[in-house]
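Below is one structure, written out as structure tokens; the observations come after it.
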2 protein chains.
Amino acid sequence: MYVSIKETFPGVKPIANKKAEIRELHSAAIITAAEEVFALKGFKGATTQEIADLAGLPKANVHYYFKTKKDLYNKVLEDVVEVWKKDADAFNQSDDPAIAISNYIRSKMDYSFSKPFGSKVWANEIIHGTPVLGDEKLARFLSIWEKRKTIQLSRWAKQGKILPVDPHYLLFMIWATTQHYADFEHQIRVLNGNKSLSKKQQKAATNTVIEIILRGIGLEPGK
Amino acid sequence: MYVSIKETFPGVKPIANKKAEIRELHSAAIITAAEEVFALKGFKGATTQEIADLAGLPKANVHYYFKTKKDLYNKVLEDVVEVWKKDADAFNQSDDPAIAISNYIRSKMDYSFSKPFGSKVWANEIIHGTPVLGDEKLARFLSIWEKRKTIQLSRWAKQGKILPVDPHYLLFMIWATTQHYADFEHQIRVLNGNKSLSKKQQKAATNTVIEIILRGIGLEPGK
DNA sequence: GCAAATGCTGACCATTTAGTCAATTAATTA
DNA sequence: TAATTAATTGACTAAATGGTCAGCATTTGC
């Protein structure tokens, strides 16, 4: 028996009708499955059949919602970018560099630990030279994303709030390190005796990253 | 007209005979081509045809030297690992942490800038959960590689030569940051106005990484 | 209720591609 | 030089897989 979302969560995000609801549900299931399969297999290595299986739908249904594999892949990439745009805001939330940078690192680390798939899909796409996303889209997204942060870092440097390091290379360092915990999850797990990092270890890793970065640019990491 | 290596470089690495020489030459060409194609397309996305074309040989010849695509891929991975083992030595060359760590970072950065393909193949393999390399090989390689460094870092920490940071997370940070310049080359290029980092920029990036890391663990980076 | 619209799906097809192989050429050795 | 061994390669095959489609099922609007 099918139970409507409207019934289950009355008043919460009411959806017009059953068809729209199913559409929402199934396309979301496909996207979620696709994110995982693309992350683990890459674009070429992923099969629509495997995505369909993981989503619990027949393959033809995947093609009903997304004309081509490429369309689906693009949708997954767009969603990843969307999340990262929000992270970026965290950076400009405080005028105290120690607080802003700590928060940014923490939020990126949390995301790497809890949802590593998106980062993996992104890494794949970049390593291969953005064959699907394309350079224009990449440039458009990255420049906005980066500019605000580098400007802020430059300002802090000019004000003497942080040491005068080149903001680009500092940013790369933060991105690289935080996303490493998502992209290289497997390597880290193997090095950790085939066990995923515990909550405690995740906290320790996050704090270590924050400490080294802050100290590295002349800030005293708060205990 | 075929010119023997013996003729071209008399006395340099003399090879027994023409057949052995050709074997050396062609299999090297295939491996070099494969490294590039696997880096840019991933295992599944790479075709033996493309590798053959890049190596300037017919496809059937590739299969003559390497039975399967997987064999070839494994060979490429082994070569990457071999190079990294040498890097690891640089780390244990000095007892002064500032020197050892600087040298290690510098050597990894140089490698990322000059030969990014190997790192990309490795990143791909790890992101996908080492489907080809396998967990046992990965564990065997990584544990040796890591243990020596973490032991050294722990010793320095105990001796008060560096601040007491967890050596694992410090190492991850160094790996992540240095390899980022290889793996995310494309992203960096796009952010740099579609131009690869100049020698000057490469130097600046390397120095920034060294400065932040050293300062981050309580060392004064030498100017 | 009933026609239209939307969603669903098994069966199918065209393409791509790893790997094979038999025939050919070139180098080596005795 | 003749026999042996190694290298080469065009043509082929089998399997995998993205995408199609016709027919069926369900929901919706009137």
Side-chain angles (χ1 to χ4, degrees), chain A residues 1-7 14-31 33-34 36-38 40-76 128 131-132, chain B residues 1-7 14-31 33-34 37-38 40-77 128 131-132:
Chain A
M1 189 24 188
Y2 183 85
V3 179
S4 156
I5 282 180
K6 278 183 285 186
E7 245 101 2
I15 293 171
N17 54 40
K18 203 166 180 180
K19 274 190 177 167
E21 193 178 336
I22 283 184
R23 172 159 270 274
E24 198 71 17
L25 219 61
H26 286 184
S27 74
I30 292 168
I31 291 169
E36 179 165 345
V37 177
F38 283 134
L40 264 36
K41 303 292 180 78
F43 177 71
K44 207 63 193 317
T47 67
T48 53
Q49 183 64 63
E50 192 175 351
I51 292 169
D53 289 349
L54 192 59
L57 295 168
K59 191 183 74 161
N61 209 346
V62 170
H63 279 102
Y64 173 72
Y65 282 105
F66 299 90
K67 201 100 178 60
T68 66
K69 190 166 101 164
K70 207 164 181 171
D71 286 348
L72 177 51
Y73 183 76
N74 263 314
K75 175 63 180 155
V76 169
H128 298 163
V132 181
Chain B
M1 191 23 187
Y2 184 82
V3 179
S4 154
I5 282 181
K6 277 182 285 183
E7 246 101 1
I15 291 170
N17 55 41
K18 204 165 177 180
K19 273 188 179 169
E21 193 178 336
I22 283 183
R23 174 159 271 275
E24 199 71 17
L25 220 62
H26 286 185
S27 75
I30 292 167
I31 291 168
V37 178
F38 282 134
L40 264 36
K41 304 292 180 79
F43 177 72
K44 208 64 194 317
T47 68
T48 54
Q49 184 64 63
E50 191 176 353
I51 292 169
D53 289 348
L54 192 58
L57 295 168
K59 191 184 75 162
N61 210 344
V62 170
H63 278 101
Y64 173 71
Y65 283 105
F66 298 91
K67 200 99 178 63
T68 65
K69 188 164 105 166
K70 208 166 179 169
D71 287 348
L72 177 52
Y73 183 76
N74 262 314
K75 175 63 179 155
V76 169
L77 274 180
H128 299 163
V132 181

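Below, chains carry the letters A, B, ... as their sequence lines are ordered, and counting in each starts from 1. As the structure is a computational prediction, the values presented were derived from the model and not from experiment.
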Under 3.5 Å donor-acceptor pairs involving side-chain atoms of residues 45-53 of chain B, not counting sequence neighbours:
residue	atom	partner	partner atom	Å
B:T47	OG1	B:E50	N	3.0
B:Q49	NE2	B:D53	OD1	3.1
B:E50	OE1	B:K41	NZ	3.2
B:E50	OE2	B:K41	NZ	3.2

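When the P atom of D:dT9 is taken as reference, atom NE2 of B:H26 falls 8 Å away, rounded to whole Å. Distance, B:Q49 CD to C:dT15 P: 18 Å, rounded to whole Å. Look at CD1 on A:I30: it is 14 Å from P on D:dG18, rounded to the nearest Å. Rounded to whole Å, the distance from OH on A:Y64 to P on D:dA22 is 16 Å. As a whole-Å value, the separation of B:E50 CD from C:dA18 P is 10 Å. For the pair A:I22 CD1 and C:dG7 C1', the computed distance is 8 Å after rounding to whole Å. Distance, A:Y73 OH to D:dG19 C1': 20 Å, rounded to whole Å. Atoms CZ (B:R23) and P (C:dA27) sit 15 Å apart, rounded to a whole Å.
Applying the salt bridge (charged side-chain N to carboxylate O under 4.0 Å, His left out) criterion to A:K19, with sequence neighbours excluded, gives no partner residue. For A:K70, there are no salt bridge (charged side-chain N to carboxylate O under 4.0 Å, His left out) partners, not counting sequence neighbours. B:H128 meets the side chain to side chain donor-acceptor pair (under 3.5 Å) test with A:N124; sequence neighbours excluded. Residues meeting the side chain to side chain donor-acceptor pair (under 3.5 Å) test with A:Y65, sequence neighbours left out: none.
You'll find the side chain of A:L72 reaches within 4.5 Å of the side chain of A:F38, heavy atoms only.
Within 4.0 Å (heavy atoms only), B:A46 reaches sugar-phosphate atoms of the nucleic acid but no base atom.
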(Q) Generate the contact string for nucleotides 19-26 of chain C. Rules: B means base contact, S means sugar-phosphate contact only, - means no protein heavy atom under 4.0 Å. (A) BBB----B
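Comparing atom distances between the A:N61 side chain and each of C:dT9, D:dG29, D:dG18 picks out C:dT9 as nearest.
Taken to the nearest 0.5 Å, the NE2 atom of A:H63 stands 13.0 Å off from the CG atom of A:L57.
Comparing A:K44 and A:V62 against DNA chain C, the residue whose closest nucleotide sits nearer the 5' end is A:V62.
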